K.L.:
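Sharing a structure with you now.
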Amino acid sequence: MTESTTLDTSKEFLNQVIAATPDGERIRKCLQCGACSGACPFSYVMEFPPHGMIAALRAGMLDDLLGTDTSWMCVSCYACTQVCPAKIPVTAGLTTRVKEEMLLAGNVPSELQDALEKAQRYNNPLGESPRKRAEWASGLEPEVAIMAKAKRPVDVLWFVGDYASYHTRVMPSTRALAKILNALDVDFGILGPEEVSDGDSVRLAGETGLFEMLAEKNAKAFEKYEFNEIITTDPHAFNAIKNEYPNLEISYPVRHYTQFLAERLDQLEKLMKNSIEATVVFHDPCYLGRVNEIYEEPRQLLQAIPGVELMEMSHNRENSLCCGGGGGGMWLDGFQWEKAEVRISEWRVREAISAVGRENGKDTEESRARILAIACPYEAPRFDDATKTVPGAEGLLVKDIAELLAESMGIEG
Ligand code: SF4
Ligand code: SF4
């Protein structure tokens with residue numbers, strides 16, 4: 001290809017990104033200050049970190065940009081977007097669009113390809129049977145209402161999500177949340193087998209078409225039933241329904257479960273009888289915190305639990321550090337390890353133990369538990385694994401806020 005052709009194709013691609021992204025015009029204002037790449041957890045292994053992507057396109061190097069696989073190290077954490085002084089939509093526009101183009105070019109790690117194929121075939125990236133989507137609720141009393149069977153309107157439609165429905169490590173917190181909703185007399189139902197993946201992570205991994213197909217399937221299920229609002233277990237589902245589905249003319253009021261429960265703190269406080277003597281840190285999920293600016297509600301819930309002393313990790317709120325699972329990262333563990341030989345979840349667990357104290361260390365009281373609290377179903381398996389490899393983290397417990405509330409209410413298990 002001649003030099004002028006590569007310049008033209010790069011320019012055309014950049015123009016497409018600009019046209020397709022809200023505030024896309026800002027990309028032209030990039031100062032090349034490098035703040036985005038400085039904030040990026042994996043920029044040091046990317047051939048084109050975020051500022052380098054823009055520079056490459058300006059220089060007519062689209063082919064080079066699409067030819068490297070290192071851009072798959074982007075976990076769509078929004079840290080670059082957060083710090084950009086020119087307010088450039090780096091994650092929503094540039095990195096996601098580059099991934100989409102890499103997918104089209106067939107430059108995709110096999111483990112991600114596998115998850116995307118499963119999402120296409122089974123409507124969830126875990127490849128689980130849609131028939132088993134409500135199995136997590138079996139044996140719960142009162143029975144969790146599945147909308148198709150219940151055949152009645154409900155106040156709250158609970159969008160349970162993929163990992164909360166299927167992952168054995170996450171199911172206890174899903175059951176805990178069901179029990180909390182019952183204890184609060186919330187009139188709720190779930191879609192069960194009619195619910196499919198929210199699609200946010202496949203979207204962030206560049207699979208826009210698949211995202212739209214999944215969103216349409218969920219929309220068809222939403223349309224069949226009467227409810228006043230949706231709550232989600234997963235910040236990604238919350239983000240998709242709140243910010244992305246409306247672009248497809250699918251609009252419903254939606255809240256993350258921590259928002260919904262924080263509004264009922266008075267009721268919850270009366271039910272929390274058991275003290276949990278623990279030093280706790282909270283990991284802000286990127287798509288709850290940085291992307292949707294929900295920082296206080298999870299902390300209000302934790303602070304309301306008797307015995308809990310809430311501390312902050314060095315990265316917190318808008319400056320939080322990703323767990324490594326976003327943007328397709330959930331399905332790129334092997335790839336990330338191959339490139340970086342470290343997991344971001346391990347950095348996060350190191351931060352957690354430096355805030356709450358080390359195992360058997362002189363700097364922690366033996367009688368107090370040390371807990372890394374979470375509010376996203378991606379995080380439990382990731383952080384659990386990290387506690388097994390980070391020295392001093394052996395006794396660090398990883399618990400969803402729903403599990404901690406249920407424990408204090410005496411309804412866990
Ligand atoms: S932080 Fe913003 S202005 Fe600075 S290099 Fe990155 S994208 Fe460009
Ligand atoms: S979204 Fe996160 S991982 Fe991706 S380029 Fe930006 S800072 Fe890096």
Side-chain angles (χ1 to χ4, degrees), residues 13-14 17-18 21-59 61 65-66 68-103 109 112 200-206 235-236 239 243-244 283-292 315 317-333 335-337 339-340 342-348 376 378-379 382:
F13 178 77
L14 193 54
V17 176
I18 288 168
T21 314
D23 291 329
E25 272 298 327
R26 289 182 182 277
I27 296 176
R28 297 197 199 282
K29 299 194 171 127
C30 174
L31 315 159
Q32 285 294 293
C33 66
C36 49
S37 302
C40 174
F42 274 144
S43 63
Y44 69 101
V45 283
M46 291 179 186
E47 199 171 325
F48 296 99
H51 81 288
M53 284 187 186
I54 297 174
L57 291 173
R58 285 174 174 173
M61 293 169 65
L65 181 55
L66 301 183
T68 171
D69 61 359
T70 57
S71 299
W72 286 115
M73 292 302 281
C74 168
V75 287
S76 300
C77 71
Y78 262 77
C80 50
T81 309
Q82 177 77 34
V83 298
C84 174
K87 300 196 182 317
I88 290 170
V90 185
T91 319
L94 194 64
T95 60
T96 306
R97 185 67 184 82
V98 166
K99 288 179 193 174
E100 189 177 355
E101 206 64 19
M102 287 164 74
L103 272 179
L112 175 61
D200 205 43
S201 291
V202 303
R203 177 184 68 81
L204 291 163
H236 278 286
N239 181 64
N243 299 321
E244 303 297 331
H283 166 79
D284 290 276
C286 303
Y287 283 74
L288 193 62
R290 200 152 36 226
V291 178
N292 287 297
H315 287 90
R317 292 183 168 82
E318 65 275 2
N319 186 31
S320 181
L321 186 61
C322 181
C323 74
M330 203 63 196
W331 316 303
L332 283 168
D333 274 335
F335 177 82
Q336 286 178 1
W337 180 259
K339 296 286 181 207
V342 69
R343 301 194 199 292
I344 312 183
S345 52
E346 292 173 343
W347 295 341
R348 198 56 168 152
C376 170
Y378 281 9
E379 291 155 5
R382 306 189 75 73

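All figures in this text were calculated on a predicted structure; none of them were measured in a lab. Residue numbers start at 1 and run along the sequence shown. These values consider heavy atoms only, across backbone and side chains, with no hydrogens, waters or symmetry-generated copies. When a ligand or atom number is given, it counts from 1 through the structure's own listing order.
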K.L.:
Out of all atoms in ligand 1, which are within 4.0 Å of some heavy atom of Gln32? Include the element for each.
P.N.:
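Reading through ligand 1 atom by atom, the close ones are 5 (S), 8 (Fe).
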K.L.:
Starting from atom 6 (Fe) of ligand 1, locate the nearest protein heavy atom and write down its residue, its atom name and how far away it is, to 0.1 Å.
P.N.:
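Heavy-atom neighbour on the protein nearest atom 6 (Fe) of ligand 1: Cys36 SG, 2.3 Å.
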K.L.:
How far is atom 2 (Fe) of ligand 1 from the closest protein heavy atom, and which atom is that?
P.N.:
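Nearest neighbour among protein heavy atoms for atom 2 (Fe) of ligand 1, to 0.1 Å: Cys84 SG, 2.3 Å.
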K.L.:
Tell me every residue that passes side chain to side chain donor-acceptor pair (under 3.5 Å) with Tyr378, counting only those two or more places apart in sequence or in another chain.
P.N.:
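Side chain to side chain donor-acceptor pair (under 3.5 Å) list for Tyr378, sorted by chain: Ser201.
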K.L.:
If you take all heavy atoms of Ala39 and Ala79, which pair is closest and at what distance?
P.N.:
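Taking every non-hydrogen atom into account, O-CB, 3.7 Å.
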K.L.:
If you compare all heavy atoms of Cys40 against all heavy atoms of Met46, which two are closest, and at what distance to 0.1 Å?
P.N.:
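Shortest heavy-atom contact: SG-CE, 3.7 Å.
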K.L.:
Among pairs that include at least one residue of residues 78-87, which meet side-chain hydrogen bond (donor to acceptor under 3.5 Å, both in side chains), considering only residues two or more places apart or in two chains?
P.N.:
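Matches after skipping sequence neighbours: Thr81-Thr91.
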K.L.:
What are the two closest heavy atoms between His283 and Leu321, and how far apart are they?
P.N.:
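Distance-wise, the nearest heavy atoms are CE1-O, 2.9 Å.
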K.L.:
Does Ser71 reach the side chain of Leu65, with side-chain heavy atoms less than 4.5 Å apart?
P.N.:
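Ser71 vs Leu65: side chains touch.
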K.L.:
If you look only at distance, which donor and acceptor atoms sit under 3.5 Å apart when one is on a side chain in residues 322-329 and the other is two or more places apart or in another chain?
P.N.:
none

K.L.:
Of all the non-hydrogen atoms in the protein, which one sits nearest to atom 8 (Fe) of ligand 1, and at what distance?
P.N.:
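So the nearest neighbour among protein heavy atoms is Cys30 SG, 2.4 Å.
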K.L.:
Quick check for you: to the nearest 0.5 Å, what is the distance between Ile344 atom CD1 and Arg382 atom CZ?
P.N.:
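If I round to the nearest 0.5 Å, the distance is 8.0 Å.
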K.L.:
Below 4.0 angstrom from a heavy atom of Pro85, which ligand 1 atoms are there? Numbered from 1 as shown, please.
P.N.:
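With Pro85 as reference, the close atoms of ligand 1 come out as 1 (S).
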K.L.:
Distance under 4.0 Å to a non-hydrogen atom of His51: what atoms of ligand 1 satisfy this?
P.N.:
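Reading through ligand 1 atom by atom, the close ones are 5 (S).
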K.L.:
Close to atom 4 (Fe) of ligand 2, meaning under 2.8 Å, how many protein N, O or S atoms are there?
P.N.:
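Counting protein N, O and S atoms closer than 2.8 Å to atom 4 (Fe) of ligand 2 gives 1.
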K.L.:
Name the closest protein heavy atom to atom 3 (S) of ligand 1, giving the residue it belongs to and the distance to 0.1 Å.
P.N.:
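It is Leu31 N, 3.4 Å.
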K.L.:
Closer than 3.5 angstrom, by distance alone: can the side chain of Arg348 be matched with the main-chain N or O of His315 as a donor-acceptor pair?
P.N.:
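The answer is yes, because a donor-acceptor pair under 3.5 Å joins these two groups.
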K.L.:
Can you report which non-hydrogen protein atom sits closest to atom 4 (Fe) of ligand 1, along with the distance?
P.N.:
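Going atom by atom, the protein heavy atom closest to atom 4 (Fe) of ligand 1 ends up being Cys33 SG, 2.3 Å.
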K.L.:
Look up atom SG in Cys36 and atom CD1 in Ile54, then write down how far apart they are to the nearest 0.5 Å.
P.N.:
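If I round to the nearest 0.5 Å, the distance is 6.0 Å.
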